[in-house]
*Asks:* 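Let me give you the structure first, and then I'll get to my questions.
Small disclaimer: the values here were computed from a predicted structure and weren't measured. Any value given below was found using the heavy atoms of this structure, including those in side chains, with hydrogens, waters and symmetry copies removed. Numbering of ligands and ligand atoms starts at 1, following listing order.
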Amino acid sequence: MESRRLFFDIVGRLSDLPQVNMIRCGIWKPRTHPGGFEGLGEEALRWVDEARQHYPTLRFCCEVANPTHVEAALRHGIDAVWIGARTTGNPFSMGELAESLRGCRLPVLVKNAPAPDVEPWMGAIERLLSVGIGEIMAVHRGFSTYNAGDLRNDPLWQIPIELHRRMPDMPLLCDPSHIAGHRDKVAQIAQMALDMGFDGLMVECHPSPEDALTDASQQLTPDALAAMLSHLSLRQDDADKAERLLHNLRSRIDEVDHQLLALLQERMQISREIAQTKSENNISIVQNSRWDYVLNSRMMAARKMGINEGFVKEVFEKIHAESVRVQVEGD
Ligand code: PEP
Ligand code: MN
């Protein structure tokens, strides 16, 4: 929210889109470096108040990072709040925020923390559950990793999938803007999220993206947002149909997984025998040249077999780490 005119312009245009039921309002903006636009604060909340009278079917939500934000947002009748990635990752901030929200009926959206780990996300949600927040939604905004390729944040889909496994009733939204980092890639990330069964999207939108005071490269115009929403396809989630169609393939996966486990068991047994021989002959556990050979040869084989090399590298690093652990600890 950069000015009253800009805000009413965008809300007016988004109110025509049937898929939009909540407006994300940038009231307080966390910035990595000092000196940037940090939002207009309470002044902008007054425009939200006004907009709610004009557009009674729309809901308005904003980020809150401390109890002062919560109090101001509540005073101005905000419909929902979200907790930003950097706040989610801070247990002290989460404790204070949860306390200030105790007894509120407000829905709270919780973005994942930047670290590629499900635990801080889960912990933040638990703090909100413990003060009785009834409606919580998780928002997947990708993770800060050393190399996210051509995206801004690494999606690491397995982490939101794990959260969903642990908390199956909690709605899961995706923020494709912060994952993509660039407007050209927002639609493709949004479609992936919907294909995986996410329940909704949080998308950044600005009438003239190039001039936006924050995250200019990832903002979509209202027209681009409308086009994206009309092109996205939704899959029907029908567990019976999935079971009927996938029964045979799922049985084969089950069989292959059992074979993988049996092979891993056999490999660990061989490792124990190696450990025994090394110990009896005073040979050190990690032999660098051997590990180098194992990793390189497996990756080369993976390439020939058309399996993703990075994936195979990670699998063998995990297997090797476990093998070393067993050799060191004995089981
Ligand atoms: C935002 O939603 O504008 C934002 C700052 O995102 P995040 O908390 O995911 O970094
Ligand atoms: Mn942003």
*Asks:* Do you see a donor-acceptor pair shorter than 3.5 Å between the side chains of Asp211 and Ser208?
*Replies:* yes
*Asks:* Just wondering, do His178 and Met202 contact through their side chains at under 4.5 Å, heavy atoms?
*Replies:* no
*Asks:* Protein N/O/S atoms under 2.8 Å from the Mn ion (ligand 2): how many?
*Replies:* 3
*Asks:* Give the minimum heavy-atom separation between Leu225 and Val20, together with the two atoms involved.
*Replies:* CD2-CG2, 4.4 Å
*Asks:* Using the salt bridge (Lys or Arg N to Asp or Glu O under 4.0 Å) rule, take Arg31 and Glu38 through it: C-alpha gap first, then chi angles, then the decisive distance, then the call.
*Replies:* CA-CA 7 Å; Arg31 309 307 302 278; Glu38 293 186 322; over 6 Å; no
*Asks:* Going by atom types only, do His76 and Glu42 share a side-chain donor-acceptor pair under 3.5 Å?
*Replies:* yes
*Asks:* Whether the Asp49 and Gln53 side chains hold a donor-acceptor pair (N or O, under 3.5 Å, no angle test) is what I'd like checked.
*Replies:* no
*Asks:* Within the distance-only criterion (no hydrogens, no angle test), does the side chain of Asp215 pair as donor or acceptor with the backbone N or O of Gln218 below 3.5 angstrom?
*Replies:* no
*Asks:* At less than 3.5 Å, what protein N or O atoms come close to the N or O atoms of ligand 1? Include the distances to 0.1 Å.
*Replies:*
residue  : atom   : partner : partner atom : Å
ligand 1 : 2 (O)  : Arg24   : NH1          : 2.8
ligand 1 : 2 (O)  : Arg24   : NH2          : 3.4
ligand 1 : 2 (O)  : Lys111  : NZ           : 2.8
ligand 1 : 3 (O)  : Arg24   : NH2          : 2.9
ligand 1 : 3 (O)  : Lys29   : NZ           : 2.8
ligand 1 : 3 (O)  : His178  : NE2          : 3.4
ligand 1 : 3 (O)  : Glu204  : OE2          : 3.4
ligand 1 : 6 (O)  : Lys111  : NZ           : 3.1
ligand 1 : 6 (O)  : His178  : NE2          : 3.3
ligand 1 : 8 (O)  : Ala85   : N            : 2.8
ligand 1 : 9 (O)  : Lys111  : NZ           : 2.9
ligand 1 : 9 (O)  : Arg141  : NE           : 2.7
ligand 1 : 10 (O) : Arg141  : NH2          : 2.8

*Asks:* Asp79 and salt bridge (Lys or Arg N to Asp or Glu O under 4.0 Å): which single residue from Arg105, Arg52, Arg59 fits?
*Replies:* Arg52
*Asks:* I'd like to check Ile179 versus His140 (side-chain heavy atoms, cut-off strictly below 4.5 Å). Are they in contact?
*Replies:* yes
